[in-house]
Amino acid sequence: MKLILLGAPGAGKGTVAKRLTAIDGSVQISTGDILRGAVKEGTELGKKAEAFMKAGDLVPDDLIMGIMEERLQQDDCQSGFLLDGFPRTIPQAEELKSLLTRINQTLDGAINLDVPRDVILDRLTTRRTCVDCGAIYNVKSMPPKVEGVCDKCGGKVVQRDDETEAAISNRLDVYNEKTSPLVNFYEKEGMLLSVTATSSDVVVDSIKGKLGI
Ligand code: AMP
């Protein structure tokens, strides 16, 4: 599978991506995770991206395309990938299209996770993330067994810097303005698969059914 996962912040892209890649062994590529790793390590990329991320703004397209150009040509992407959080703008989608042509790859589809705004707001304000392995928890519905400690790796479980109320509200505005037009873009390309995102079990089953996997 070579797929794109679209959806607002908090739509469940990360969780669904992990479940789908576990099925067919394709690799999950999350630009958000790559950027958070760069910020943590203090690399040049991280220094350039940090302020945009903290405010809930998008990192400039040229930085993102630099990351993806390199990443998509690595060996582990050749048999399958799931893009989580990329593309986020129409220029990124257009550049992705020409990049894939250049490196002789074709996309199988773009899945859109459709979630109402009130559900998203609730999810994002209660979401917690492991700083070490990226595992996702929810203080209401899925807390770690020991508060603040990751069940999987023992890392610290925290609220992300960009999950304060002000940053969340900005991320949703940015999504509506810059990212939601991608749904139309991929519909016109004949690649769109829309799924009403309720629980991740229902979403994963519905995607598996539609893709025949
Ligand atoms: P995410 O974990 O996908 O919600 O991404 C967290 C943050 O990383 C976003 O709010 C953006 O600041 C930045 N980011 C991730 N992916 C992209 C992208 N494709 N284009 C621009 N900025 C991005």
Side-chain angles (χ1 to χ4, degrees), residues 3-18 20-21 27-41 43-72 77 81-100 107 110-113 115 117 119-121 123-138 157-183 185-186 197:
L3 296 169
I4 291 173
L5 209 45
L6 296 171
K13 296 188 296 295
T15 308
V16 170
K18 284 190 176 61
L20 286 177
T21 50
V27 58
Q28 173 189 2
I29 304 177
S30 155
T31 39
D33 284 349
I34 294 172
L35 290 167
R36 277 185 289 280
V39 170
K40 202 170 150 197
E41 282 165 26
T43 65
E44 272 311 299
L45 170 68
K47 284 181 199 146
K48 287 181 187 156
E50 189 169 14
F52 294 103
M53 294 174 74
K54 242 187 175 151
D57 288 327
L58 291 182
V59 172
D61 289 341
D62 58 333
L63 288 182
I64 299 290
M65 289 317 301
I67 299 174
M68 292 309 291
E69 174 129 26
E70 200 185 311
R71 186 66 187 90
L72 284 172
C77 291
F81 53 74
L82 190 56
L83 304 184
D84 158 13
F86 171 85
R88 281 281 230 280
T89 63
I90 295 282
Q92 287 181 17
E94 276 163 352
E95 285 194 45
L96 172 65
K97 196 174 165 184
S98 46
L99 168 62
L100 290 174
L107 275 180
I111 301 166
N112 181 43
L113 303 182
V115 186
R117 189 180 167 108
V119 175
I120 282 184
L121 272 176
R123 265 193 207 164
L124 287 178
T125 47
T126 53
R127 181 156 85 174
R128 301 292 181 269
T129 308
C130 172
V131 290
D132 288 334
C133 74
I136 294 164
Y137 297 91
N138 185 290
V157 173
V158 300
Q159 182 165 33
R160 276 168 39 178
D161 280 349
D162 61 355
E163 285 176 356
T164 60
E165 259 183 70
I168 288 169
S169 157
N170 189 36
R171 282 165 73 200
L172 291 177
D173 290 345
V174 168
Y175 170 78
N176 285 336
E177 188 193 332
K178 306 234 170 85
T179 309
S180 65
L182 292 179
V183 174
F185 179 95
Y186 286 108

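This chain uses plain numbering: 1 for the first residue, then up along the sequence. Indexing begins at 1, ligand by ligand and atom by atom, following the structure's order.
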Is the side chain of T21 donor-acceptor paired with the backbone N or O of A17 at a distance under 3.5 Å, no angle test? yes

Please state which protein non-hydrogen atom is closest to atom 20 (N) of ligand 1 and give its distance, to 0.1 Å? Q92 NE2, 2.9 Å

Among I34, L96, I4, which one satisfies side-chain contact (heavy atoms from CB on, under 4.5 Å) with F86? L96

Location of contacts on M65 toward ligand 1, heavy atoms closer than 4.0 Å: neither

Rounding to 0.5 Å, atoms CZ (R36) and CG (D161) come to a distance of 10.5 Å

Would you say that T89 contacts I64 through its side chain, given a criterion of any heavy-atom pair below 4.5 Å between the two side chains? no

Numbering as shown, the atoms of ligand 1 that approach I64 to under 4.0 Å (heavy-atom distance): 17 (C), 18 (C), 19 (N), 20 (N), 21 (C), 22 (N), 23 (C)

Out of all atoms in ligand 1, which are within 4.0 Å of some heavy atom of G85? Include the element for each. 16 (N), 17 (C), 18 (C), 19 (N)

Is the backbone of A55 close enough, under 3.5 Å, to the side chain of N170 for a donor and an acceptor to pair up by distance? yes

Side-chain ion pair, K178 and D173, N-O less than 4.0 Å: no

If you count the atoms of ligand 1 from 1 in the order shown, which ones are under 4.0 Å from a heavy atom of R171? 4 (O), 10 (O)

I'd like to know if R171 and E163 make a salt bridge, using a cut-off of under 4.0 Å between side-chain N and carboxylate O. yes

So which heavy atom on P9 is nearest to which on L172, and how close? CD-CD2, 4.0 Å

Measure from atom 12 (O) of ligand 1 to every heavy atom in L83, I168, D57, L58 and give the option owning the shortest one. D57

Would a distance-only check, ignoring hydrogens and angles, find a side-chain to backbone donor-acceptor pair under 3.5 Å from K18 to A135? no

For atom 1 (P) of ligand 1, which candidate among K13, R88, E50 provides the closest heavy atom? R88

What atoms in ligand 1 come closer than 4.0 Å to a heavy atom of R160? 1 (P), 2 (O), 4 (O), 6 (C)

May I ask you to identify, for V59, whether its side chain, its backbone, both or neither come under 4.0 Å of ligand 1 on a heavy-atom basis? both

To which protein heavy atom is atom 14 (N) of ligand 1 closest, and what is the distance rounded to 0.1 Å? L35 CD1, 3.5 Å

For atom 16 (N) of ligand 1, what's the nearest protein heavy-atom neighbour? Residue, atom name and distance, please. T31 OG1, 2.8 Å

Atom 6 (C) of ligand 1 [closest protein heavy-atom partner, distance rounded to 0.1 Å]: R36 NH1, 3.5 Å

Numbered atoms of ligand 1 (with element) below 4.0 Å of D162, judged on heavy atoms: 6 (C)

